[in-house]
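What follows is a set of notes on a single structure, which appears directly below.
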There are 2 protein chains.
Amino acid sequence: MVTIYDIARLSGVSKSTVSRVISNHPYVSTETKSKVIKVMQEHNYVTNSLAKQFRQKQTKCIAILIPDLNHPYFSQLVSYISADCYKSGFKTVVHQTFLDKNIEREVYNQLQKNEYDALILTSSTLPEVEIAEYTGNKIIVACNEDFRGDYFDVFCLNEEEVTMKATSYLLSKGFTKLGFCSDNISSPLQQARLKGFILAHNKKGLKHNKDFLFNDISNIEDGIILGKRLFRDNLEIEGIIAGSDFVAAGLIRSAIRNNIQIPQHLSIVGFDNHPISLVTNPQISTICNHIQDMSNDLVNHIVNKINGGVKQSPIKKVYNGEFINRNSS
Amino acid sequence: MVTIYDIARLSGVSKSTVSRVISNHPYVSTETKSKVIKVMQEHNYVTNSLAKQFRQKQTKCIAILIPDLNHPYFSQLVSYISADCYKSGFKTVVHQTFLDKNIEREVYNQLQKNEYDALILTSSTLPEVEIAEYTGNKIIVACNEDFRGDYFDVFCLNEEEVTMKATSYLLSKGFTKLGFCSDNISSPLQQARLKGFILAHNKKGLKHNKDFLFNDISNIEDGIILGKRLFRDNLEIEGIIAGSDFVAAGLIRSAIRNNIQIPQHLSIVGFDNHPISLVTNPQISTICNHIQDMSNDLVNHIVNKINGGVKQSPIKKVYNGEFINRNSS
DNA sequence: CTGAAAGCGCTAACAC
DNA sequence: GTGTTAGCGCTTTCAG
């Protein structure tokens, strides 16, 4: 392997000068610069990033924590974040926890060991305080996960409010026996949605039915199976806040199979306004998140923090989701 | 920051001994070991991975190259690969090229600069020879991309054969005016499929219609738009090999809108056997890839290569895809 | 079983 | 403008 030292020797200058050329430092005469560059090309010099990173104590790498990449919401989110990071000169390491607390903890440990310059949290099964402990004073930011924001920066949607709106809409149309699906009810985001769901009931002086709260429902298959169960047991559900457009699609599938009319017999609302909501029959009423803007703002913020090293109290930025009324509700 | 040297001083041993304790080296007396561990805990010692990586010349990190993560096929593929790598102690950096050749080249450069221990290629817009040049003698493996395999290892599906089978099926049912969708026709995988498509025609003494070759069609929206165009222009297409289940879903959507009966008027075959093929109406006939097995085998292979440093001539492993006949064909 | 010492490749004061 | 020098934190011979 040809090193900076070889190049220095070969071109009759010192290591420092070569280093300056590489990092495009000023105060190098154009002659020596071009001379050094020539030698580097002749000998196929390539920087050893490991040495550079070690010396500069930064990895140019940001970790992203998600439950599962094989999920349209998260793959989209990670796609945006990753692309934004790349534009700012950062690579991204994607960590799937599969909701395993120990895998999650392991990532916080890696952060401490300087394997990343920052960590983006899109979902978590650990309490906010524990995360804060594990990470020490490293940079960590939550994206579309509804943390309180006492220990780190949070970018998120007004999940509670928008879920309340959608629920209220169903209630106002006379659908009063409502179900609610979550993928992982222990997460702050799902908790916020559930709060909104309950709040909408309370506002109308109604009570929600606890038997109609379904957890661990996160994809098409889960939706199909849940649908089967609902229709087989003849549960008198009139409407469902489905947690994601994919769950909604699965429910619709099962409904068709069982000759349940949507929205007449069962009204369904999805989440995320994913294109799949356009290809089912009927099309899915859903809630629009703003993850692209969110990702943009968030990556800018992180990069500033990494470069500037600014220490300020945690910020929390909330985006407004909108209820999109299509044909399933 | 507390370093290995601090721990050595504090526990009255040398740096080397501490290092041995950390790496769980044999030949350390249990007493000194426990003493050192105690001191490490008391002072919250955490390894600086950057220094370790630098010293050992390995990153414990594998890069994955894909066009776009916001795509059900790739997000699933990356999910499997990433999980398998994690199990073997490797992190993964996901690079989206968005089909930009320069972004792709940049990743090969990073590989050369020692930023990864290996690179997994799931799709590429560059010729095989150029890739081989860019990477020098680093480890690089293709996953489900149909390279020839002269310069690096390849794990892939028998795309040509299975596409031929599906096409033959449509032809045998009397659908002779067939269309073919690709997302990026320049990729070896898409080329292989096209070959199979054409081959099936030739076998029956038929010619395919070049006007019915549609490129840059990769997701639901593209499928919808393509469908609109087909039905508006009244193209006399009787069947389509759709390139992915998502494209197929979009086409079905447009067909329903235009009162086109599937499969009577238009027969559609998707790819990948994604759950979405179960929720459309009709359900989508599709082709089953074996990416989970593929990912498994491939990661094992890479890890062996990294650890063993085995230099052997490139291998190529081919998996058999199956045509799953549902209701859209 | 343990310590001394060398060095991985690069950067960044600090001199000149 | 350029060179000298001193490390970054860790691993790994080689002695003992």
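Computed from a prediction, not measured in an experiment: that's the story for all the values here. So you know, we letter chains A, B, ... as the sequences are listed, proteins then strands, and number each from 1.
Ring geometry for B:Tyr27 against B:His25 counts as tilted: the plane angle lies between 30° and 60°, on a 0 to 90° scale.
Residues of residues 35-43 of chain A having a heavy atom closer than 4.0 Å to DNA chain D: none are found. Remark: B:Tyr45, B:Thr47, B:Asn48, B:Ala51, B:Lys52 in residues 44-52 of chain B come within less than 4.0 Å of DNA chain D through at least one heavy atom.
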Expected list for residues 140-156 of chain B: side-chain donor-acceptor pairs under 3.5 angstrom, two or more places apart:
{"residue": "B:Asn144", "atom": "ND2", "partner": "B:Tyr73", "partner atom": "OH", "Å": "2.5"}
{"residue": "B:Glu145", "atom": "OE1", "partner": "B:Leu189", "partner atom": "N", "Å": "2.8"}
{"residue": "B:Glu145", "atom": "OE2", "partner": "B:Ser124", "partner atom": "N", "Å": "3.4"}
{"residue": "B:Arg148", "atom": "NH1", "partner": "B:Asp150", "partner atom": "OD2", "Å": "3.2"}
{"residue": "B:Asp153", "atom": "OD1", "partner": "B:Ile315", "partner atom": "N", "Å": "2.8"}
{"residue": "B:Asp153", "atom": "OD2", "partner": "B:His301", "partner atom": "NE2", "Å": "2.7"}
{"residue": "B:Asp153", "atom": "OD2", "partner": "B:Lys305", "partner atom": "NZ", "Å": "2.8"}

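The phosphate of D:dT2 (OP1 or OP2) has a side-chain N or O of A:Thr32 nearer than 4.0 angstrom. Phosphate contact (OP1/OP2 of C:dG9, side-chain N/O of B:Lys57, threshold under 4.0 Å): present. Side-chain N/O atoms of A:Ser14 include one lying less than 4.0 angstrom from OP1 or OP2 on D:dG3. At least one side-chain nitrogen or oxygen of B:Thr17 sits closer than 4.0 Å to the OP1 or OP2 atom of C:dG3. One finds no side-chain N or O of A:Thr3 lying less than 4.0 angstrom from the OP1 or OP2 phosphate oxygen of C:dC8.
Judged by distance alone, the side chains of B:Glu115 and A:Ser49 do bring a donor and an acceptor atom under 3.5 Å apart. If you check the side chains of A:Tyr108 and A:Gln112, you find no donor sitting under 3.5 Å from an acceptor. Between A:Ser29 and A:Thr32, the side chains place a donor N or O and an acceptor N or O closer than 3.5 Å (distance only, hydrogens not considered). B:Thr59 and B:Asp117 share a side-chain donor-acceptor pair at under 3.5 Å.
Residue-level contact check: B:Val13 touches the backbone only, with heavy atoms under 4.0 Å from sugar-phosphate atoms and none from bases.
Following rounding to the nearest Å, A:Gln58 (CD) and D:dC8 (P) show an atom-to-atom distance of 18 Å. The separation between B:Ile22 atom CD1 and D:dT12 atom P is 12 Å, rounded to whole Å. Look at CD1 on A:Ile4: it is 14 Å from C1' on D:dT2, rounded to the nearest Å. Spacing between atom CD of B:Gln53 and atom P of D:dT12 amounts to 14 Å, rounded to whole angstrom units. Whole-Å rounding puts the A:Glu115 CD to D:dC10 P distance at 13 Å.
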Are there any protein N/O atoms within less than 3.5 Å of an N/O atom in nucleotides 12-16 of chain C, and if so, which ones and at what distance?
{"residue": "C:dA12", "atom": "N6", "partner": "A:Ser16", "partner atom": "OG", "Å": "3.4"}

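The CD1 atom of A:Ile302 sits 11.5 Å away from the CG atom of A:Asn307 when rounded to the nearest 0.5 Å. Note that CD of A:Gln53 is 10.0 Å distant from NZ of B:Lys113, once rounded to the nearest 0.5 Å. Taken to the nearest 0.5 Å, the CG atom of B:Asn300 stands 6.0 Å off from the OG atom of B:Ser88.
Looking at A:Ile103, A:Leu69, A:Leu65, A:Val78 one by one, the single match for side-chain contact (heavy atoms from CB on, under 4.5 Å) with A:Gln96 turns out to be A:Leu69.
Checked against C:dC1, D:dT4, D:dC8, the side chain of A:Phe54 finds its nearest nucleotide in D:dC8. Of the candidate nucleotides D:dC10, D:dT2, C:dG3, D:dT2 has the atom nearest to the side chain of A:Tyr27.
Note that B:Lys15 lies outside the cation-pi zone of B:Tyr5, set by a 6.0 Å cut-off to the ring centre and a 45° limit from the axis.
The shortest distance between side-chain heavy atoms of A:Phe90 and A:Asp84 does not fall below 4.5 Å.
Within the structure, ring pair (Phe, Tyr, Trp, His ring centres under 6.0 Å) pairs that include any residue of residues 44-64 of chain A comprise A:Phe54-B:Phe54 (at least two apart or interchain).
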Practice prompt. Any chance you could lay out the salt bridge (Lys or Arg N to Asp or Glu O under 4.0 Å) test for A:Lys38 and A:Glu42, step after step, and finish with the verdict?
Written response: CA-CA 6 Å; A:Lys38 189 159 161 267; A:Glu42 279 169 8; 3.5 Å; yes
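End-to-end axis angle for the helix from C:dC1-D:dG16 to C:dC16-D:dG1, using five pairs per end and rounding to 10°, comes out at 30°.
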